[in-house]
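Any value given below was found using the heavy atoms of this structure, including those in side chains, with hydrogens, waters and symmetry copies removed.
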Amino acid sequence: MKALRFDLHHLRAFKVLSQELHFKRTADILCVTQSALSRLIKSLEETLGAALFERSTRQVRLTVAGELFLQEVDHIFVHHRQYAVSHII
């Protein structure tokens with residue numbers, strides 16, 4: 001079984017893009033270039049083996065796979081926050 005390689009940076013970029021549905025705004029929010037964001041999302045999609053977004057010149061939308069992945073990412077961030085709060089010294 002091949003290990004999946006992505007981190008919270010990838011997941012945060014995915015989460016913000018899924019909310020904004022706009023690469024330029026998302027890049028601005030994350031303080032990265034639009035091309036860096038595009039590469040990050042493409043890398044995540046390649047790692048997962050599924051397109052997460054449908055892209056056109058005018059629109060960005062989540063695919064069905066993207067919607068399912070978003071639910072998982074939301075769970076990851078909830079658990080991450082709970083862990084962080086429970087381990088504050």
Side-chain angles (χ1 to χ4, degrees):
M1 182 174 186
K2 185 178 175 184
L4 298 179
R5 303 232 180 223
F6 55 84
D7 57 26
L8 289 176
H9 182 68
H10 288 85
L11 299 182
R12 182 167 184 256
F14 168 77
K15 175 74 173 166
V16 174
L17 183 56
S18 71
Q19 293 167 334
E20 295 296 321
L21 297 175
H22 193 277
F23 274 85
K24 175 76 169 100
R25 280 195 306 265
T26 300
D28 289 346
I29 290 167
L30 298 173
C31 299
V32 299
T33 64
Q34 193 171 340
S35 63
L37 174 62
S38 293
R39 286 191 305 272
L40 193 69
I41 296 299
K42 187 70 174 165
S43 169
L44 182 59
E45 289 176 324
E46 288 173 358
T47 298
L48 294 172
L52 301 172
F53 296 94
E54 291 178 14
R55 302 159 177 87
S56 72
T57 56
R58 298 184 134 321
Q59 189 175 22
V60 177
R61 296 184 326 180
L62 280 170
T63 62
V64 172
E67 291 174 6
L68 293 172
F69 189 61
L70 178 58
Q71 293 174 14
E72 296 303 317
V73 169
D74 286 341
H75 290 295
I76 289 168
F77 281 117
V78 165
H79 291 292
H80 183 262
R81 277 189 298 277
Q82 289 172 344
Y83 179 83
V85 168
S86 69
H87 287 81
I88 292 176
I89 298 174

J.: Rounded to the nearest 0.5 Å, how far does CZ of Arg39 lie from CG of Leu44?
T.: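 Leu44 CG to Arg39 CZ: 15.0 Å, rounded to 0.5 Å.
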J.: Once side-chain contact (heavy atoms from CB on, under 4.5 Å) is applied, do any residues pair with Ile76, and if so which ones, sequence neighbours excluded?
T.: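 Listed in chain order: Leu8, Leu11.
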J.: Sort and list the pairs that fulfil ring-ring contact (aromatic ring centres under 6.0 Å, His included) and have at least one residue in residues 16-43, not counting sequence neighbours.
T.: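 Passing the test, one end in residues 16-43: no pairs.
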J.: Considering residues at least two apart in sequence or located in another chain, which fulfil the salt bridge (Lys or Arg N to Asp or Glu O under 4.0 Å) criterion with Lys42?
T.: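 Lys42 satisfies salt bridge (Lys or Arg N to Asp or Glu O under 4.0 Å) with no residue once adjacent residues are dropped.
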J.: Going by the rule salt bridge (Lys or Arg N to Asp or Glu O under 4.0 Å), which residues pair with Glu54 if we only count those two or more places apart in sequence or in a different chain?
T.: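 Here the qualifying residues are Arg61.
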J.: Output the rest of the hydrophobic cluster of Leu40: all Ile, Leu, Val, Met, Phe, Trp and Tyr residues reachable through side-chain heavy-atom contacts under 4.5 Å, sorted by chain and number.
T.: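 Cluster partners of Leu40: none, it stands alone.
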J.: Sequence neighbours left out, what pairs pass salt bridge (Lys or Arg N to Asp or Glu O under 4.0 Å) with at least one residue falling in residues 7-22?
T.: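 Output for this query lists Lys15-Asp74, Glu20-Arg25.
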J.: Going by side chain to side chain donor-acceptor pair (under 3.5 Å), name the residues that satisfy it together with Thr33, two or more places apart in sequence or in a different chain.
T.: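 Checked Thr33 against side chain to side chain donor-acceptor pair (under 3.5 Å); matches are Ser35.
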J.: Restricting to side-chain contact (heavy atoms from CB on, under 4.5 Å), what partner residues turn up for Val32, sequence neighbours left out?
T.: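 By the side-chain contact (heavy atoms from CB on, under 4.5 Å) rule, Val32 matches Ala27, Leu30, Ala36, Leu37.
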J.: Which donor-acceptor pairs under 3.5 Å do the side chains of residues 62-73 make with protein atoms, sequence neighbours left out?
T.:
| unit_1 | atom_1 | unit_2 | atom_2 | d |
| --- | --- | --- | --- | --- |
| Thr63 | OG1 | Ala51 | O | 2.7 |
| Thr63 | OG1 | Leu52 | O | 3.3 |
| Thr63 | OG1 | Ala65 | N | 3.4 |
| Thr63 | OG1 | Gly66 | N | 3.0 |

J.: Can you run down the ring-ring contact (aromatic ring centres under 6.0 Å, His included) pairs that involve residues 25-45, sequence neighbours left out, and say none if there aren't any?
T.: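 Every pair satisfying ring-ring contact (aromatic ring centres under 6.0 Å, His included) with a residue in residues 25-45: there are none.
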J.: Kindly state each residue pair satisfying ring-ring contact (aromatic ring centres under 6.0 Å, His included) with at least one member in residues 45-68, sequence neighbours excluded.
T.: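 The answer is Phe14-Phe53.
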J.: Return the set of residues passing salt bridge (Lys or Arg N to Asp or Glu O under 4.0 Å) with Arg55 (not counting sequence neighbours), or none when no residue passes.
T.: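 Expected list: Glu45.
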